[in-house]
Amino acid sequence: MTEREVRVRFAPSPTGPLHIGGVRTALYNYLLARKLGGKMLLRIEDTDQNRFVPGAENYILEALAWCGIVIDEGVGTGGPHAPYRQSERKPMYKQYADQLIASGHAYYAFDTPEELDAMRARLQAAKVPNPQYNSITRAQMRNSLTLPEDEVKQLLDSGAQYVIRLKVPRKEEVRFQDLIRGWVVVHSSAIDDKVLMKSDGMPTYHLANIVDDHLMEISHVIRGEEWLPSAPLHVLLYRYLGWESTMPQFAHLPLLLKPDGTGKLSKRDGDKLGFPVFPLEWHGIDGETGEPTVSRGYREDGYLPEAFINFLAFLGWNPGSQQEIFSMDELIASFSIERVSKSPARFDQNKVKWYNEHYLRAKSDAELAPYLLTALAEHGIACDQAKAERIVSVMKERVSFPKDFWQEAKYFFQAPDSYDEQVVSKKWNPQVAAALTAYAEALAGTAESTAEGLKALFNQTVEAQGMKPGQVLQTLRVAVTGGAAGPDLFETLAILGTAEVAARLQTAVKTLG
RNA sequence: GGUCCGUUCGUCUAGGGGUUAGGACAGUAGAUUUUCAUUCUACCAACAGGGGUUCGAUUCCCCUACGGACUACCA
């Protein structure tokens with residue numbers, strides 16, 4: 001068992017976009033698989049046909065790809081255990097449910113939804129704290145344990161609707177060792193007789209996930225903490241199916257909480273929180289109004305996948321060192337499930353932003369230039385790669401997202417249509433205007449094009465006018481760019497070119513007097 | 001309500017019977033910068049509470065409080 005090949009799976013259900021908690025679960029699975037030289041599988045758990053959302057599966061595939069999480073086996077990739085979509089594996093589950101019935105660990109139940117409601121209402125009225133279909137209540141229900149054998153057979157033969165339920169023992173301690181939490185013990189009386197096969201012939205999650213994990217030879221089940229309460233049930237299932245010796249090891253990850261700490265992050269949080277909960281933008285339909293909706297995504301908001309992943313990896317895990325910056329390869333090398341923390345983590349917008357700025361600045365100008373070029377193209381502005389690289393190089397220290405380049409660098413392509421009022425009212429005067437005019441004229445007659453050259457020329461010109469450079473500098477920036485802040489002024493001028501700068505200075509003097 | 005899980009700076013976390021309880025983000029201040037930003041430096045800031053065990057507990061145990069998850073023919 002310990003020598004077994006490491007095989008982990010990420011098993012989302014296609015009920016909508018993946019949210020960042022799901023992405024983190026996938027990430028940890030992937031990191032462990034790579035770290036231990038194992039395989040990462042992707043299985044789609046679509047046993048609930050009512051909740052199927054078109055496009056969700058593609059979204060999942062695309063999101064994982066964007067994150068750099070590579071699937072070795074599964075939907076979209078294929079593999080020896082295909083199909084990897086549970087709806088397509090439907091015929092495989094029934095035999096295991098039958099096996100459980102044959103061994104006396106499961107039974108047929110014919111109760112209608114109304115009868116179940118009535119049962120719960122009755123128990124509630126009797127002040128039973130936790131109404132459930134269990135070792136006590138099943139004696140009063142219509143199932144193969146209470147009905148005469150021939151009646152059961154007749155019901156089955158007549159095609160009556162039924163489900164198959166697990167016969168959970170009345171009192172038994174179920175324990176298992178969680179890789180993150182240690183021994184977890186639950187009393188079987190807290191578990192109810194879970195439905196294994198639904199009346200539509202589909203297995204429920206509980207049966208399907210055990211059967212598939214067994215058949216797919218999964219070695220580690222790494223999933224969210226919301227599964228912890230049902231883990232003992234799964235242990236029981238492995239036992240009754242005779243698979244306990246190859247049962248995967250469990251690791252239940254701490255939840256990702258909303259920033260205010262009031263509950264787990266969910267898909268329904270959509271855009272309400274002020275930051276995206278989805279990796280990619282999602283175009284959905286409002287469940288109540290039927291209106292189309294758009295939810296923000298990290299990709300579209302301008303986050304770099306490496307920043308997003310680095311941040312996510314640190315939400316619930318840390319390497320034990322003081323290093324904060326990790327590439328995917330470094331994460332793989334350092335990852336261990338034992339260092340995943342037990343307590344839930346809140347989402348921290350500031351930290352993701354910081355990671356993004358870090359990764360943005362680490363990129364070369366050549367890598368960054370396309371972001372600017374794309375935005376320029378959208379605005380019908382022509383620009384060559386060399387110029388874009390130059391702009392990006394002076395801008396990257398001052399933006400948080402690639403999409404900010406266009407907004408911040410606009411003035412390289414468009415002359416200002418307004419001037420920073422504060423600077424104008426404070427610093428603009430006739431001498432300044434004269435100095436700028438003089439500089440414009442000097443620019444028209446110079447062959448200088450470097451930042452240093454333009455700076456020297458400026459100092460010279462201004463001093464000839466009997467002023468100090470410092471008195472004119474701010475107004476020079478405002479006259480040329482319209483704004484009061486920006487990267488090195490003479491570098492900016494050099495990128496703009498002397499003719500353009502001269503023209504803008506003339507305009508400014510004319511406009512501001 | 002019941003069952004289970006959890007609790008170190010505002011946030012993510014390190015640590016672990018004796019520490020000035022460490023780092024990062026955010027915040028604040030300063031330095032650099034013609035501006036803003038970057039960068040650098042410094043500062044601020046935490047062991048939920050109560051009982052044990054112990055020479056000594058933030059660390060181990062118990063209780064309480066608080067938070068969360070689960071409690072479907074959903075996953």
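This structure is a prediction, so every number in the text was calculated from the model and none was measured. Computation of the quantities below employed the complete heavy-atom set of this structure, encompassing side-chain atoms and omitting hydrogens, waters and symmetry-equivalent molecules. The chains referred to below are lettered A, B, ... by the order of the sequence lines, with proteins before strands, and numbering in each begins at 1.
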### Task
Could you tell me whether A:R175 sits above the aromatic face of A:W183, with NZ or CZ closer than 6.0 angstrom to the six-membered ring centre and within 45 degrees of the axis?
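That pair qualifies as a cation-pi contact.
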Please name the nucleotide paired to [N] by Watson-Crick or G-U wobble geometry with both distances under 3.5 Å, or report none.
N: B:U11; answer: B:A24
N: B:A37; answer: none
N: B:C70; answer: B:G2
N: B:U53; answer: none

[X] side chain, from C-beta outward: closest of [options]:
X: A:N350; options: B:C25, B:C74, B:C4; answer: B:C25
X: A:R361; options: B:U39, B:G68, B:G22; answer: B:U39
X: A:R181; options: B:G6, B:A69, B:C74; answer: B:G6
X: A:W354; options: B:A14, B:C25, B:A69; answer: B:C25
X: A:R477; options: B:C73, B:U35, B:C5; answer: B:U35
X: A:E397; options: B:A26, B:C74, B:A37; answer: B:A37

### Message
Rounded to whole Å, please give me the gap between NZ in A:K342 and P in B:G15.
### Response
11 Å
Under 4.0 Å, heavy atoms only, any strand: does [X] hit a base, just the sugar-phosphate, or nothing?
X: A:V399; answer: nothing
X: A:K127; answer: nothing
X: A:D111; answer: base
X: A:D348; answer: base
X: A:P487; answer: base
X: A:S343; answer: sugar-phosphate

#### Entry: Given A:L493, A:L457, A:T461, the one that forms side chain to side chain contact (heavy atoms under 4.5 Å, CB included) with A:L443
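Testing each of A:L493, A:L457, A:T461 against A:L443, the sole residue satisfying side chain to side chain contact (heavy atoms under 4.5 Å, CB included) is A:L457.
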### Message
Can a side-chain donor-acceptor contact be found between A:R9 and A:N29 if the only test is distance below 3.5 angstrom?
### Response
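Side chains of A:N29 and A:R9: no pair found under 3.5 Å.
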### Query
Can A:T15 and A:K267 be counted as having a side-chain donor-acceptor contact under 3.5 angstrom?
yes
#### Entry: Student check: side-chain heavy atoms of A:F10 and A:L41 closer than 4.5 Å
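Counting from C-beta outward, A:F10 and A:L41 never come under 4.5 Å.
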### Message
Is any side-chain heavy atom of A:Y96 closer than 4.5 Å to one of A:L215?
### Response
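When only atoms from C-beta onward are counted, A:Y96 and A:L215 do touch, with a gap below 4.5 Å.
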Quote, to the nearest angstrom, the [atom1] distance that separates [N] from [M].
N: B:G2; M: B:A24; atom1: C1'; value: 40 Å
N: B:U54; M: B:A48; atom1: P; value: 23 Å
N: B:C44; M: B:C25; atom1: C1'; value: 14 Å
N: B:A21; M: B:A45; atom1: P; value: 13 Å
N: B:G27; M: B:G10; atom1: C1'; value: 9 Å
N: B:A14; M: B:A72; atom1: P; value: 34 Å
N: B:A26; M: B:C40; atom1: P; value: 12 Å

### Query
Does A:K351 make a side-chain donor-acceptor contact with the base of B:A26, cut-off 3.5 Å?
no
### Query
Does OP1 or OP2 of B:A14 have a side-chain N or O of A:N318 closer than 4.0 Å?
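Looking at the OP1 and OP2 atoms of B:A14, one of them is under 4.0 Å from a side-chain N or O of A:N318.
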